[in-house]
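Everything below concerns the one structure shown next.
Chain A is the first sequence line, chain B the second, and so forth, proteins listed ahead of strands; every chain is numbered from 1. Note that these values count all heavy atoms, side chains included, but never hydrogens, waters or copies made by symmetry.
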There are 2 protein chains.
Amino acid sequence: MEALPHSESPRVASALAILRANGERVTPARYAVLRVVEAADLSAEHLSADTIGARVSELEPTVHRATVYRTLTALTELGVLTHVHLAAAGTVYHLADPLPEAAAPTSRTSVTDHAHVQCVECGAVLDVPPSVLDEVAVWLRDALGFELDTSHAALLGRCRDCLR
Amino acid sequence: MEALPHSESPRVASALAILRANGERVTPARYAVLRVVEAADLSAEHLSADTIGARVSELEPTVHRATVYRTLTALTELGVLTHVHLAAAGTVYHLADPLPEAAAPTSRTSVTDHAHVQCVECGAVLDVPPSVLDEVAVWLRDALGFELDTSHAALLGRCRDCLR
DNA sequence: CTGCCTGCAAAGGATTTGCACTCAT
DNA sequence: ATGAGTGCAAATCCTTTGCAGGCAG
């Protein structure tokens, strides 16, 4: 899986490189989780741990649900994945954007990523450029000394469709 | 409990009035929940359902935890309570501000209330004037037709203390 | 009196953990 | 070969639900 001319996504490849660079092992479970999350990102889906588990099962039927949870945690600590807390339904995962440099410090704070808003009625998640929160970030820093992590939590409201 | 010259908080009194005006019953459980939430609001605490349950037990030892959950749901539907989803730890409750007029429509959307940010490290919750999100709200409405509910979810980041 | 609201107990879903074993390095 | 990762199963945590009885109106 290493010296082969692989046709896999460059993002997954870099993620694997980061794992190796950090002395982390590349296992079927981890590889599968990365492929699932990357695929979801490409189609702008937002997957929960549970759903990721289901899709991983299709690729690697022997991988246990508990392992998926542990993998998501591990990859997040490495900075390879990020997650967003949706008030109206759990936590969803993304491949970090940008991925950390080969050497991987723990817990990125202000990844470029994107911010999210979720509709309380239909649950739809909309992506928003993080710059939309720039002024809020400035206000929080100046007034409270609070450093906003733009993409870590979703704001709530009602989407166009649900407003009728 | 009705014709007595009660010295209770005017806010709790109005809340009870709203219950009655809507044909809802005023029970010891509901009264206790309202007192607990109101007290927390005064000291700017943010209480989870669980914690509210614990405090209610002190006032009314026979009130069951399940009843607290049902009460919180009922009072929220009445518009007497609001809740905020904290990504880093459940849901917390407030007395609605402003309280709905005696006639109580369901589910307030844009109460004045206040917005919240939470520190991912220490869990501290900071209150923020909702106007801080005004420009975000305008952007979301214009660009996406999305109606932001300013006070329904907390944003995440790191507070001054945890930044060192 | 009536039926809304409650207590109790049990179910439920999502995530975590202890342990022994396996396989990536 | 060595221990980081894993599978499995059981344990938690928080919240919800079904049911019968009790109290507010």
Side-chain angles (χ1 to χ4, degrees), chain A residues 1-4 15-34 46-57 59-78 80-81 83 85-93 104 123, chain B residues 1-4 15-34 46-57 59-78 80-81 83 85-93 104 123:
Chain A
M1 179 199 294
E2 164 98 57
L4 303 178
L16 295 178
I18 292 168
L19 287 194
R20 295 203 180 86
N22 279 75
E24 294 282 326
R25 294 183 181 174
V26 174
T27 64
R30 292 174 168 196
Y31 182 47
V33 166
L34 285 171
H46 295 85
L47 303 187
S48 66
D50 227 39
T51 308
I52 293 172
R55 300 208 181 165
V56 165
S57 288
L59 295 178
E60 297 286 345
T62 67
V63 170
H64 196 275
R65 208 168 46 265
T67 299
V68 171
Y69 279 100
R70 282 186 284 225
T71 299
L72 290 172
T73 303
L75 295 181
T76 300
E77 273 167 9
L78 265 176
V80 167
L81 294 184
H83 58 250
H85 300 284
L86 303 178
T91 303
V92 298
Y93 293 83
Chain B
M1 177 199 293
E2 165 97 58
L4 302 178
L16 295 179
I18 292 169
L19 286 194
R20 294 204 180 85
N22 280 76
E24 294 284 325
R25 292 183 183 173
V26 173
T27 64
R30 294 174 168 195
Y31 182 48
V33 166
L34 285 171
H46 295 85
L47 304 186
S48 66
D50 227 40
T51 308
I52 293 172
R55 301 209 181 162
V56 165
S57 287
L59 296 178
E60 297 286 345
T62 67
V63 170
H64 195 276
R65 209 168 47 264
T67 299
V68 172
Y69 280 99
R70 283 187 283 225
T71 300
L72 290 172
T73 303
L75 295 181
T76 300
E77 273 167 8
L78 265 177
V80 168
L81 294 184
H83 58 251
H85 300 284
L86 302 178
T91 304
V92 298
Y93 293 82

| query | Is A:Ser48 touching bases, backbone alone, or none of the nucleic acid, heavy atoms closer than 4.0 Å? | reply | nothing

| task | Using a 4.0 Å heavy-atom cut-off across all strands, classify A:Thr62 as base, sugar-phosphate, or nothing. | result | sugar-phosphate

Anything under 3.5 Å between a protein N or O and an N or O of nucleotides 16-18 of chain D, put it in a table, one pair a line.
residue: D:dG18; atom: O6; partner: B:Arg70; partner atom: NH1; Å: 3.2

Do the side chains of [Y] and [X] get nearer than 4.5 Å, heavy atoms only?
| X | Y | value |
| --- | --- | --- |
| A:Thr76 | A:Tyr93 | yes |
| B:Val80 | B:Leu34 | yes |
| A:Asp50 | A:Arg65 | yes |

| Sequence-distant partners of B:Glu60, salt bridge (charged side-chain N to carboxylate O under 4.0 Å, His left out), two or more places apart | none

| Could you give the angle between the helix axes at the two ends of the helix from C:dC1-D:dG25 to C:dT25-D:dA1, with five pairs per end, rounded to 10 degrees? |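 End axes: 30° apart.
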
| note | In terms of heavy-atom contacts, B:Val92 and B:Ser48 come closest through CG1-N, 4.0 Å

| If you round to the nearest 0.5 Å, how far is CD1 of A:Ile18 from CG of A:Leu75? | 10.0 Å

| said: Given 3.5 Å as the limit, does a donor-acceptor pair link the side chain of B:Arg30 with the main chain of B:Arg25, or not? | reply: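 Checked: pair present.
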
| field | base_contact_polar (C:dC4 base, B:Arg25 side chain, donor-acceptor, <3.5 Å) | value | yes

| task | Report yes if a side-chain nitrogen or oxygen of B:Thr27 is closer than 4.0 Å to either non-bridging phosphate oxygen (OP1 or OP2) of C:dT6; otherwise report no. | result | yes

| message | Does C:dC8 have its OP1 or OP2 closer than 4.0 Å to a side-chain nitrogen or oxygen of B:Thr67? | response | no

| task | Quickly work out the A:Glu24 CD to D:dG3 P distance and round it to whole Å. | result |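 Going from CD in A:Glu24 over to P in D:dG3 covers 16 Å.
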
| Rounded to whole angstroms, how far apart are CG on B:Leu16 and P on D:dA24? | 14 Å

